[in-house]
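As the structure lists them, so they are numbered: ligands from 1, and atoms in each ligand from 1. One is the number of the first residue; the rest follow in order along the sequence.
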Amino acid sequence: MSDKTHGFGTRMSHAGRAGTRAHGFVNPGVHRGSTVLHPSCEARKEAGKHRLEQVMTYGTQGGPTHYMLEDMIAEIEGGTRATILGTGLAAVAVPLLAFLGAGEHCLIPDSAYGPARNLAEGMLKRFGVETTFYDPTVTGEAIAALFQPNTRVLYTESPGSHTFEVQDIPALAAVAHARGAKVLMDNTWGIHHFQPFKHGVDVSIQALTKYVGGHSDILLGSATVNSDADWEVLRGTASQLGQYASPDDCWLALRGLRTMNLRLRHQEAAGLEVARWLEGRPEVLRVVHPGLPSHPQHELFRRDFTGSCSLFGVVFKPRFTHAQVCAWIDGLALFGIGASWGGFESLALPTSGNITRTATKPEFGGEMARIHIGLEDTSDLIADLEAGLNRMAG
Ligand SMILES: *Cc1c(COP(=O)(O)O)cnc(C)c1O
C-alpha cells in the first residue's frame with residue numbers, strides 16, 4: 001500500500017499486511033525456508049530471470065516475510081524498493097561496497113557511526129577505496145573542494161552519532177550529483193521524520209534494530225533506493241555477499257512497526273521534556289538535541305525534519321570529571337548502561353571516550369553523555385536524573 005493521502009499512523013496500521021495470504025488473520029505467519037519448489041524446470045528457469053523482483057527462487061533471495069517488511073520500509077522512507085539486511089551495520093556496509101570499487105574515493109562525515117569509520121579504514125581501504133573524512137557541517141565550496149575526479153560516494157549521517165550535527169543534505173546532494181557521486185545516508189535517527197528521497201539522497205540506511213524493532217530484542221537493517229538502476233546495484237551486491245536476515249526477526253520488526261508511531265510520539269515528547277529539564281540544571285553546560293532552539297543547526301533541523309527521536313547528548317560543565325559522569329550514570333536506577341537505543345527502556349552512556357575525530361576538532365566544553373529516553377513515566381526519569389545530579393554536585 002502506498003497511499004500518501006493517509007497519515008503515518010494509518011499507514012503503519014494498514015501497510016504490509018498479509019491479506020488473503022494469512023487466511024483472514026490480521027497478521028502474517030513467519031515463512032522460514034531455503035528450498036523453493038517450482039512446478040516445472042521451465043517455471044524455475046523463468047523465476048530465475050526475475051531475481052531482483054519479489055519472486056521466490058531460493059531462501060537467500062528473500063521470502064514473503066522479508067517482502068512484507070521491505071514494502072513497509074520502502075513506504076516509510078518514500079523510496080521504490082528496500083532490502084532487509086541482517087544488522088544495521090550490514091545496511092551501512094552493503095551500499096558502500098555496492099557503489100564503490102578499487103581506485104575510487106569516498107567522503108564520510110567525521111561524525112559518522114564508529115563502525116562505519118572502521119569499515120572505511122579497514123576493509124574499504126584494503127580493497128583500494130580511499131576515504132576522506134569531512135566536517136559534517138560544511139556545504140558548498142568547502143565540500144566541493146574535497147571531491148576528487150574518482151569520488152563515487154558522498155556518505156552522510158544526520159544527525160551525527162554521539163554528537164548530533166545536522167547536515168544540510170539537499171546542499172550536499174546537489175554538489176555530489178553535479179559530480180556524478182551517489183549520496184548515501186544513515187537515516188536511523190530521523191526515521192520517518194526525515195524523507196531522504198525528497199532531499200536528494202540515493203540510498204537511505206536504517207538500523208531497524210532501533211525504533212522499528214523497538215524492544216531491544218532484534219538486530220536488523222535496511223537499505224532503500226528510489227530507482228531501478230540503484231536497486232540492481234544494491235540488491236545485486238547484497239546477493240553476492242550472501243546477505244540474509246532471519247524471517248523471525250523480520251516478523252518482529254513488522255510487529256514493532258505497528259506501534260512505532262505511538263512509541264515515537266511519546267518518546268519524542270518525553271525526550272524533549274527531559275532535554276529541556278537538563279538544560280536548566282546548573283551542572284549542565286549544554287544539551288545537544290537538534291529539536292532544541294539552542295542546537296547550532298536547529299534551523300536546518302526545522303527545515304528538513306518533521307520531528308525528533310529520543311536520543312540526545314548532554315555536556316557537563318568542565319569542573320566535572322569523566323569519573324564523576326560515570327558515577328552519575330552508575331547511580332541511576334532507571335537508566336540501563338549499554339549500547340544501542342530505540343527500545344522501550346531508557347539508557348545512558350558516557351560518550352567522550354567513544355568519539356574519534358580525524359578531520360575536525362570539535363570543542364564540546366566538558367564531559368559528554370548520551371541519553372536515550374524510553375517509555376517509562378517521564379516524571380520518574382527526571383526524579384532519577386535529579387537525584388543523581390544532586391549526588392554529583394554534593
Ligand atoms: C546502531 C546503529 C547502526 C547499526 O545498527 P546495528 O543493528 O546495531 O548493527 C547504524 N547506524 C547508527 C546511526 C546506529 O545508531
Worksheet item: Under a 4.5 Å cut-off applied to non-hydrogen side-chain atoms, are V325 and M392 in contact?
Response: yes
Worksheet, complete the sentence: Residue, atom and distance of the protein heavy atom nearest atom 8 (O) of ligand 1 read L219 CD2, 3.9 Å
Discussion item. Before you tell me yes or no, could you show the steps for D186 and T188 under side chain to side chain donor-acceptor pair (under 3.5 Å), namely the whole-Å CA-CA distance, both residues' side-chain angles and the distance that decides it to 0.1 Å?
Written reply: CA-CA 6 Å; D186 185 329; T188 303; 2.7 Å; yes
Worksheet entry | For W341, the ligand 1 atoms whose distance to one of its heavy atoms is below 4.0 Å | 15 (O)
Item to complete: Please report which non-hydrogen protein atom sits nearest to atom 9 (O) of ligand 1, along with the residue it belongs to and the distance in Å to one decimal place.
Response: L89 N, 2.8 Å
Worksheet item: What residue and atom, counting heavy atoms only, is the protein's closest point to atom 14 (C) of ligand 1, and at what distance?
Response: K210 NZ, 2.8 Å
Item to complete: Verify whether the ring centers belonging to W328 and F316 lie closer than 6.0 Å.
Response: yes
Worksheet item: Between G88 and ligand 1, is there a nitrogen or oxygen pair with a distance under 3.5 Å?
Response: yes
Worksheet entry | W341 side chain near I371 side chain, heavy-atom distance below 4.5 Å | no
Worksheet item: Does some non-hydrogen atom of S161 fall short of 4.0 Å from ligand 1?
Response: yes
Worksheet, complete the sentence: Among non-hydrogen protein atoms, atom 11 (N) of ligand 1 lies closest to D186 OD2, 2.6 Å
Worksheet entry | Side-chain donor/acceptor of D110 to backbone N/O of P136, under 3.5 Å | no
Response to the item:
One should read off an interatomic distance between H31 NE2 and Y67 OH, to the nearest 0.5 angstrom, of 12.0 Å
Worksheet item: If you measure every N/O of E157 against every N/O of ligand 1, is any gap under 3.5 Å?
Response: no
Item to complete: For atom 7 (O) of ligand 1, grab the closest protein heavy atom and report residue, atom and distance to one decimal in Å.
Response: T209 OG1, 2.6 Å
Worksheet item: At under 4.0 Å between heavy atoms, which part of W189 makes contact with ligand 1: side chain, backbone, both or neither?
Response: neither
Worksheet item: Heavy-atom distance under 4.5 Å between the side chains of M368 and I355, does that happen here?
Response: yes
